[in-house]
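The next block holds one structure in the form of structure tokens; read it before the comments.
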Number of protein chains: 2
Amino acid sequence: MLTVERHQRILQLLQEAKTVKIHELVEMLQASESTIRRDLSQLEKEGKLKRLHGGATLFQRKREEPSLVEKASRKLSEKNTIAAYAASLVERGDCIYLDAGTTAHQMIAHLDAADIIVVTNGLNHVKALLDKGIETYVIGGYVKPRTEAFIGQGAMNSLRHYRFDKTFIGVNGLHPAYGYTTPDPEEAAVKALALEQGQETYVLADHTKFYETAFSLIADLSTAVILTDGEVVEGLEDFQEHTKVVTIK
Amino acid sequence: MLTVERHQRILQLLQEAKTVKIHELVEMLQASESTIRRDLSQLEKEGKLKRLHGGATLFQRKREEPSLVEKASRKLSEKNTIAAYAASLVERGDCIYLDAGTTAHQMIAHLDAADIIVVTNGLNHVKALLDKGIETYVIGGYVKPRTEAFIGQGAMNSLRHYRFDKTFIGVNGLHPAYGYTTPDPEEAAVKALALEQGQETYVLADHTKFYETAFSLIADLSTAVILTDGEVVEGLEDFQEHTKVVTIK
DNA sequence: TAGAATTGAATGATTATGATTGATTTTGAT
DNA sequence: ATCAAAATCAATCATAATCATTCAATTCTA
């Protein structure tokens with residue numbers, strides 16, 4: 001496997017679960033411990049992640065006690081994120097589906113509408129949702145160990161019992177010809193069904209995901225509105241031919 | 001489990017409960033007392049929490065009862081004895097149901113049989129199960145905020161799809177005339193169904209639960225084998241008339 | 001093919017963990 | 001208030017896990 005490819009997959013895995021253990025990477029990427037360590041220290045040097053004893057985590061700017069000024073400016077910048085915008089779409093009384101993964105997780109902090117109900121397949125979302133005082137339902141199923149997302153037949157069966165006003169999912173790639181894609185077929189199936197059950201459907205995808213493709217097809221572009229950030233994407237029109245694209249800047 | 005993950009979870013638990021006892025953390029996080037102490041003193045140094053005798057509290061707490069030493073540490077070890085025995089009943093290849101709650105949680109540390117599958121309705125069990133490398137399924141449903149257990153119609157529907165070699169549940173009271181009881185009707189319904197789906201069924205109950213009754217009936221005594229500790233219980237025969245009682249000493 | 005880059009294994013150093021010890025604190029009974 | 005028992009605590013140690021470094025083998029590239 002190519003070095004860059006390995007690096008990408010490491011970052012991708014971090015997106016899904018916000019921490020990885022060295023041993024998980026060794027196993028999943030079929031590389032030696034030495035190589036993984038080299039990858040991690042290099043990625044750390046590039047500021048893409050933070051190493052910890054036994055693994056790594058997504059890089060996040062000093063969470064340590066931000067000053068009032070920093071807080072204010074951060075709040076402001078946060079208003080412009082994909083997650084914040086997505087959350088602002090949720091209205092009082094809505095019932096929404098929230099996909100597993102860090103992207104959707106970021107929405108939770110901004111979910112301020114009253115009387116909403118959230119259904120999710122992300123085990124890690126639950127505590128945050130409860131902390132917000134949000135009425136929370138979880139679909140059941142097999143627990144995918146690393147990401148702690150529910151997938152499989154059990155998840156599908158449960159999901160079929162719900163309908164959503166709005167569905168929010170994350171993807172690994174989106175492409176005019178190949179649609180929305182993600183590596184794990186089982187996860188793709190859950191995402192696809194969640195889209196079907198939703199009245200309004202949204203895909204959260206930053207600009208790096210455009211023209212990328214992963215192994216498993218979730219659905220065509222036309223099945224959801226794309227929410228993305230303000231970075232210039234070449235050939236955005238190709239996507240707009242298929243569906244509405246909202247760019248948050 | 002990564003150190004930071006443990007720290008995160010400690011803070012999370014603290015946020016939910018305002019205070020945590022060391023022993024609770026040891027049990028929940030499957031780490032030694034030494035490690036937990038180190039975690040706490042480190043987190044205290046970072047100003048994230050305040051240690052107090054027997055546990056910790058959130059930092060910005062007012063002057064409140066600085067004592068959370070529990071009289072129940074003997075009860076704790078008794079519970080643990082029951083849990084260890086219960087876990088020893090699980091054999092290679094078994095598919096078992098594990099009820100939410102602390103009693104069943106303690107079983108996890110002792111679940112050493114290979115190739116087992118665990119189905120649970122306890123959100124907090126999942127991390128511990130995955131850390132043990134156990135294949136884990138969760139029934140879906142409404143998340144009951146305080147206990148973080150899955151209940152309701154969704155939970156019931158999911159549960160109906162599974163069959164178990166062995167079912168383990170906790171109860172709040174057991175009585176020869178009134179059977180197994182628990183306060184919440186919704187939880188009672190889930191427990192009852194779990195018992196129905198199980199081939200062999202066990203109720204874990206320390207001696208303090210005997211002759212107690214709570215609001216909601218789960219099932220008659222005859223529907224499960226009772227696992228209890230070695231304390232002498234007056235009138236144990238009344239229970240043995242209805243079902244098998246295993247006393248672990 | 002030669003040179004450079006990448007990889008995997010081996011090494012000692014560093015760090016995290018769990019058990020043990022004796023000191024300290026809390027509790028409950030006088 | 002005082003005391004004894006129980007629980008918690010801090011400190012220490014041995015063990016286990018992780019880490020940085022080195023070096024030889026392999027792969028890639030010019």
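Every chain is numbered from 1, with letters handed out A, B, ... down the list of sequences.
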So which protein N/O to nucleotides 24-30 of chain D N/O distances come out below 3.5 Å?
none

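- Atom CD of A:Glu46 is surrounded by more than 12 heavy atoms from other residues, nucleotides or ligands within 6.0 Å.
- Closest non-hydrogen pair, B:Ala224 versus B:Leu195, comes out as CB-CD2, 4.3 Å.
- Of all heavy-atom pairs between B:Glu27 and B:His105, the closest is O-NE2, 3.4 Å.
- By the salt bridge (charged side-chain N to carboxylate O under 4.0 Å, His left out) test, B:Arg146 is found to be paired with no residue, residues two or more places apart in sequence or in another chain being considered.
- Shown here are the side-chain hydrogen bond (donor to acceptor under 3.5 Å, both in side chains) partners of A:Glu33, two or more places apart in sequence or in another chain: A:Arg37.
- In terms of heavy atoms, A:Pro183 sits closest to A:Ala214 at N-CB, 3.6 Å.
- One interatomic measurement links the two molecules: CG of A:Asp39 to C1' of C:dG8, which rounds to 13 Å at whole-angstrom precision.
- In this structure, B:His23 does not reach the D:dA7 phosphate: none of its side-chain N or O atoms is under 4.0 Å from OP1 or OP2.
- The nearest pair of heavy atoms linking B:Asn80 to B:Gln106 is N-OE1, 3.7 Å.
- Look at CG on B:Leu2: it is 16 Å from P on C:dT15, rounded to the nearest Å.
- Taking the charged nitrogens against the carboxylate oxygens, B:Lys127 and A:Glu148 do have a contact shorter than 4.0 Å, which makes a salt bridge.
- Residue B:Thr35 places at least one side-chain N or O under 4.0 Å from the OP1 or OP2 atom of C:dG18.
- The 12-atom threshold is exceeded at NZ of A:Lys21, counting heavy atoms of other residues, nucleotides or ligands nearer than 6.0 Å.
- A salt bridge links B:Glu187 with B:Lys144: the closest approach of a Lys/Arg side-chain nitrogen to an acidic carboxylate oxygen falls below 4.0 angstrom.
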Problem - Derivation and outcome, side-chain contact (heavy atoms from CB on, under 4.5 Å), residues A:Leu13 and A:Glu16 - result: CA-CA 5 Å; A:Leu13 289 165; A:Glu16 287 169 16; 4.1 Å; yes
Practice task
Start with the C-alpha distance between B:Leu111 and B:Ile116, add both sets of side-chain angles, then the distance that settles side-chain contact (heavy atoms from CB on, under 4.5 Å), and finish with yes or no.
Solution key: CA-CA 9 Å; B:Leu111 283 174; B:Ile116 63 173; 4.2 Å; yes
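- B:Ile36 places its CD1 atom 15 Å from the C1' atom of C:dA19, with the value rounded to the nearest Å.
- Side-chain rings of A:Tyr211 and A:Phe239 approach one another, their centers coming within less than 6.0 Å.
- The rotation axes computed at either terminus of the helix from C:dT1-D:dA30 to C:dT30-D:dA1 lie 40° apart, taking five pairs at each end and rounding to 10 degrees.
- Within a heavy-atom distance below 4.0 Å of DNA chain C, the residues of residues 5-21 of chain A found are A:Arg6.
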What does the list of N/O pairs under 3.5 Å between the protein and nucleotides 9-15 of chain D look like, with a distance for each?
| unit_1 | atom_1 | unit_2 | atom_2 | d |
| --- | --- | --- | --- | --- |
| D:dC9 | OP1 | B:Leu52 | O | 3.1 |
| D:dC9 | OP1 | B:Gly54 | N | 2.4 |
| D:dC9 | OP2 | B:Arg37 | NH1 | 2.4 |
| D:dC9 | OP2 | B:Arg37 | NH2 | 3.2 |
| D:dC9 | O5' | B:Arg37 | NH1 | 3.0 |
| D:dA10 | OP2 | B:Arg51 | NH1 | 3.0 |
| D:dA10 | OP2 | B:Arg51 | NH2 | 3.0 |

